[in-house]
Amino acid sequence: MTPWKRLIRFIALEDGLTYQGEPIAEAGLDIGKAWAGLKAKVITGDVLKGAQVTEEQKTVKTLLAPFATEQAGLVRCVGLNYVKHIKEGHIGKIPDWPTLFIKPRTSLAGPGSETIIPKIAQDNSMDYEAELCFVVGKTGKDIKKENALEHVLGFTVGNDVSWRRAQQQFPYSGSQWCYGKGLDGFAPIGPVLVSPQALDTSDLLVQLRLNGDVMQDGRTSEMMHTVQDIIAHFSQGTTLEAGTVVMTGTPQGVGYARATPVYLKDGDKIEVEIQGIGSLQHSIKYE
């Protein structure tokens, strides 16, 4: 059990240093939209090994990803976890097992970041995927489903930014997804980590807005494989290490599968919101 309900990372107004903290705010406040000037109680120690909430307060100057790239290990991702998303992509048979692919930790970024699209990927095939994410807080192997949440440090919001040509088209893809989804900054997360003791993720609204327009609108209750399923499955014969970030799949409404495909352009503004966690805002920048 964590000593905090919500955790943020931020640069403090007072001294310009980076802190972890528990925001001093009402539980319903969307910190992704209202972080400027927010006060937080400083959290000391390593959140993966034991941390304490102190009475020291700092003011948020800049909101960062709630889990640092340096703390993270692998980013494990679930594909094809919502039936409507599978159907919209005309993918075929619904898989019995969750589909696994990975991103390197260099793909992680935070709220307010610019997702840089390198020249090689500027081919009008850049897409978005709103996702519930979690951070593994305790290392385990062959974890039982009923014990799975004991291994969760906290939940957050993510966007699985996807270069579709390099994901889907052979020979660019090499018949795998990792490169097309793993470029630097292609996994922005935030704005907070919410403790599993403070959030039931079984039926949450998941929504993505592109330049203010709703593009994805689903619920976590539509996931074929729950958070508990994912942990139990991915840890079979495999050590699931503390610090692993897991992205749990996206609902329907992705750009490439729309009647008129929609792809991300230079300057686009993206907002991913999950009920009970808040909003992750970031933008697209062509280098």
Side-chain angles (χ1 to χ4, degrees), residues 1-10 18-35 38-58 60 63-68 71-73 75-76 108 110-111 131-140 143-158 188-206 219-221 223 226-232 234-235 240-248 272-280:
M1 180 177 295
T2 64
W4 42 267
K5 291 184 177 179
R6 293 191 291 177
L7 180 147
I8 59 174
R9 285 180 61 252
F10 62 97
T18 299
Y19 292 91
Q20 302 168 129
E22 181 162 37
I24 303 171
E26 295 181 359
L29 179 70
D30 186 343
I31 290 172
K33 296 179 179 178
W35 56 263
L38 186 70
K39 296 282 188 180
K41 291 184 177 181
V42 173
I43 296 175
T44 59
D46 186 336
V47 294
L48 294 175
K49 297 178 180 179
Q52 298 294 324
V53 181
T54 71
E55 292 303 314
E56 181 183 7
Q57 296 184 17
K58 295 291 183 181
V60 177
L63 189 65
L64 305 173
F67 197 68
Q71 295 172 292
V75 182
R76 292 178 177 265
L108 292 171
E131 311 215 3
L132 172 69
C133 305
F134 64 88
V135 177
V136 177
K138 183 173 72 171
T139 297
I143 300 166
K144 294 182 179 180
K145 182 176 177 180
E146 57 267 28
N147 299 328
L149 292 183
E150 297 174 8
H151 294 262
V152 175
L153 178 68
F155 296 99
T156 192
V157 179
I189 59 172
V192 299
L193 274 183
V194 181
S195 164
Q197 289 79 42
L199 184 68
D200 178 0
T201 61
S202 61
D203 187 28
L204 302 176
L205 175 68
V206 180
R219 302 196 71 87
T220 56
S221 55
M223 292 168 60
T226 66
V227 169
Q228 293 92 327
D229 293 332
I230 290 165
I231 292 172
F234 282 177
S235 68
L240 196 59
E241 294 183 305
T244 300
V245 178
V246 180
M247 309 186 84
T248 65
V272 185
E273 182 174 358
I274 297 183
Q275 180 183 358
I277 303 176
S279 300
L280 166 69

Non-hydrogen atoms of F67 and G243 that approach each other most closely = CE2-O, 3.5 Å

Under 3.5 Å, which donor-acceptor pairs do the side chains of residues 27-35 form with other protein atoms, sequence neighbours left out?
{"from": "D30", "atom 1": "OD1", "to": "G32", "atom 2": "N", "distance (Å)": "3.0"}
{"from": "D30", "atom 1": "OD1", "to": "S279", "atom 2": "N", "distance (Å)": "2.9"}
{"from": "D30", "atom 1": "OD2", "to": "S279", "atom 2": "N", "distance (Å)": "3.4"}
{"from": "D30", "atom 1": "OD2", "to": "S279", "atom 2": "OG", "distance (Å)": "2.6"}

Which pair of heavy atoms, one from D200 and one from L204, lies closest together, and at what distance?
-> O-CD2, 3.5 Å

Could you tell me whether a side-chain N or O of T248 sits under 3.5 Å from a main-chain N or O of L132, the two making a donor and an acceptor?
-> yes

Once you round to the nearest 0.5 Å, how far does CG of L64 lie from CZ of R9?
-> 5.0 Å

What's the spacing between L38 CG and L63 CG if we round to 0.5 Å?
-> 8.5 Å

Measuring from Q228:CD to I143:CD1, what's the distance to the nearest 0.5 Å?
-> 12.0 Å

Taking every heavy atom of A72 against every heavy atom of V245, the minimum-distance pair comes out as CB-CG2, 4.3 Å

Taking the side chain as every heavy atom from C-beta outward, state whether T226 and S202 have any pair of such atoms under 4.5 Å apart.
-> no

Where Y19 and K58 come nearest, the two heavy atoms and their spacing = OH-CE, 3.5 Å

Between the CG atom in L108 and the CD atom in Q71, the distance rounded to the nearest 0.5 Å is 10.5 Å

For V136, does its backbone N or O pair with a side-chain atom of E241 as donor and acceptor, under 3.5 Å?
-> no

CG-CG distance between L193 and L199, expressed to the nearest 0.5 angstrom | 11.0 Å

Interatomic spacing from SG in C133 to CD1 in I277 - rounded to 0.5 Å | 8.5 Å

Does some side-chain heavy atom of I231 sit less than 4.5 Å from a side-chain heavy atom of F134?
-> yes

Taking only residues two or more places apart in sequence or in another chain, which ones pass side chain to side chain donor-acceptor pair (under 3.5 Å) with Q197?
-> S195

Which pairs of donor and acceptor atoms, one on a side chain in residues 145-158, lie under 3.5 Å apart (sequence neighbours left out)?
{"from": "K145", "atom 1": "NZ", "to": "D229", "atom 2": "OD1", "distance (Å)": "2.9"}
{"from": "H151", "atom 1": "ND1", "to": "K138", "atom 2": "O", "distance (Å)": "2.9"}
{"from": "T156", "atom 1": "OG1", "to": "G190", "atom 2": "N", "distance (Å)": "3.3"}
{"from": "T156", "atom 1": "OG1", "to": "G190", "atom 2": "O", "distance (Å)": "3.2"}
{"from": "T156", "atom 1": "OG1", "to": "V192", "atom 2": "O", "distance (Å)": "2.7"}

Quick one: closest heavy-atom pair of S235 and A232, and the distance?
-> OG-O, 3.3 Å

Which atom names give the shortest non-hydrogen contact between P111 and A65, and what distance separates them?
-> CD-N, 3.5 Å

T220 side chain vs D203 backbone, donor-acceptor pair below 3.5 Å | yes

Spell out, as yes or no, whether a donor-acceptor pair under 3.5 Å connects the side chain of E22 to the backbone of K5.
-> yes

